[in-house]
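Below is one structure, written out as structure tokens; comments come after it.
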2 protein chains.
Amino acid sequence: MAANSKFAVAVHALAVIAHHADQRHTSRAIAGSISTNPVVIRRLLAQLARAGIVESSHGAKGGFRLAKPASKVSLHDVYKAVEDCGALFALHDKKNEKCPVACRMASILEGVFERVESKIMPELKRTSLADIVGQIG
Amino acid sequence: MAANSKFAVAVHALAVIAHHADQRHTSRAIAGSISTNPVVIRRLLAQLARAGIVESSHGAKGGFRLAKPASKVSLHDVYKAVEDCGALFALHDKKNEKCPVACRMASILEGVFERVESKIMPELKRTSLADIVGQIG
DNA sequence: CATAATGTAACCATTATAGTCACATATATG
DNA sequence: CATATATGTGACTATAATGGTTACATTATG
């Protein structure tokens, strides 16, 4: 699987679940659609469960289902649940403390990144899981 | 250095150059401000040179300087030059071809990602290198 | 010619991510 | 209750991306 695809896999997994929202889905079945390992799915869905997006049940006839209607799950909810640090852009951690330019860069870049990222969140909030399922047809 | 910090390092390097735009700057001096290796800087600035943002000269008294005024260099120019694929988000590459949900996901996710990324570009275009230098004071 | 710089290939180190195995725990059902 | 079937998670391995380093050819100055 490609690097940094957690968000894409999470949306895909949720789409599988939401596409037949009346039944429970096992990590094995979901992993089958994505061609990955069931454990990868269980770990990812554990994060989504903690965020109140899905719920799981153990044992026979167990599996995952949505914890609320697909129309109430925005991609922003999914993003927050899955991307731990939330940073699309990253700062560099080292710098020369004696350089006046270097000493200002961290806070300047933080400001830029914050402004940029604030532009994408409304777009993620605007799109719901129901919109995604609608596009599957 | 942190992962995925190319953009941050590029902006930092350009800020060092633009802060004293009248002189040439060696990769050694720039690397000193960022506390990294000169080769890392040369590789990064080579990309910026191809994009027409900086120019370099070899030999004694050589080094880097801006190829155009700092006010004409937007962070979007820098981003394009430095982030090869341009994808903040990544798709997952494997899927089950027999699953109707999986078969639709790639194009659906591409659409979502494209819409999201289109929101940040105006913000990057709005900020110039001169704005950054201005914040150094 | 000596010195000082970039450009780049080749390689190593580090880190992040995905993938896998194993197993404790929980649950439905005959 | 026994069995089969799930999740949850710890521990480990594999892979890929990124940065760092060394080395050296090339180029420019004086």
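Order of the sequence lines fixes the chain letters, A, B, ..., with proteins taken first and strands second; residue numbering starts at 1 for each chain.
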_Out of D:dT9, C:dT6, D:dA23, whichever nucleotide has its closest atom nearest the side chain of B:Phe64_ = C:dT6
*asked:* Restricting to non-hydrogen atoms, name the atom on B:Ala13 and the atom on B:Leu45 that form the minimum distance, rounded to 0.1 Å.
replied: CB-CD2, 4.3 Å
*asked:* Classify B:Arg50 by what it touches in the nucleic acid, base, sugar-phosphate, or nothing, heavy-atom distance under 4.0 Å.
replied: sugar-phosphate
*Counting side-chain heavy atoms from C-beta on, which of C:dA9, C:dT20, C:dT6 comes nearest to A:Val40?*
C:dT20
*Grab the CZ-P distance between A:Arg65 and D:dT7 for me, whole Å please.*
13 Å
*asked:* Could you report the tightest heavy-atom contact between A:Arg24 and A:Ser56, atom names first, then the distance?
replied: NH1-C, 4.0 Å
*Is any side-chain nitrogen or oxygen of A:Ser57 closer than 4.0 Å to OP1 or OP2 of D:dT7?*
no
_Would you say B:Thr36 places a side-chain N or O within less than 4.0 Å of OP1 or OP2 belonging to D:dG20?_
yes
_A:His58 NE2 to C:dA26 C1', straight-line distance once rounded to whole Å_ = 6 Å
*asked:* Can you see if the side chain of A:Lys6 gets near the phosphate of C:dG19 - specifically, an N or O under 4.0 Å from OP1 or OP2?
replied: no
*When you measure from the side chain of A:His25 to the backbone N and O of A:His20, does any donor-acceptor pair fall under 3.5 Å?*
yes
*When the distance from NE2 of B:His92 to P of D:dA16 is rounded to whole Å, what number comes out?*
17 Å
*Taking CZ from B:Arg42 and P from C:dA4, how many angstroms apart are they, rounded to a whole number?*
15 Å
_DNA chain D: 5'-proximal contact among A:Gly63 and A:Arg43 (nearest heavy atom)_ = A:Gly63
*Length of the line joining A:Gln23:CD and D:dA6:C1', which is rounded to integer Å*: 16 Å
*Check whether any side-chain N or O of A:Ser56 sits under 4.0 Å from OP1 or OP2 of D:dA6, and answer yes or no.*
no
_Nucleotide D:dG8, atom C1' - distance to CD of A:Glu55 in whole Å_ = 16 Å
*What does B:Arg28 touch in the nucleic acid at a heavy-atom separation under 4.0 angstrom: a base, only the sugar-phosphate, or nothing?*
nothing
*Could you point out which residue of B:Ile132, B:Val11, B:Val133 forms a side chain to side chain contact (heavy atoms under 4.5 Å, CB included) with A:Ile108?*
B:Ile132
*Could you say whether A:Ala46 or A:Lys61 is positioned toward the 5' end of DNA chain D, judged by the nucleotide with the nearest heavy atom to each?*
A:Lys61
_Nearest to the side chain of A:Thr26, heavy atoms from C-beta on, is which of D:dT7, D:dT21, D:dA28?_
D:dT7
*Specify the separation, in whole Å, of atom CG of A:Asn37 and atom P of D:dA14.*
15 Å
*Closest to the A:Ala60 side chain, choosing from D:dG19, D:dA4, C:dA4*: D:dA4
*Relative to each other, are the rings of B:Phe89 and B:Phe113 parallel, tilted or perpendicular (30° and 60° limits)?*
parallel
*Rounded to whole angstroms, how far apart are CG on A:Leu48 and P on D:dT7?*
14 Å
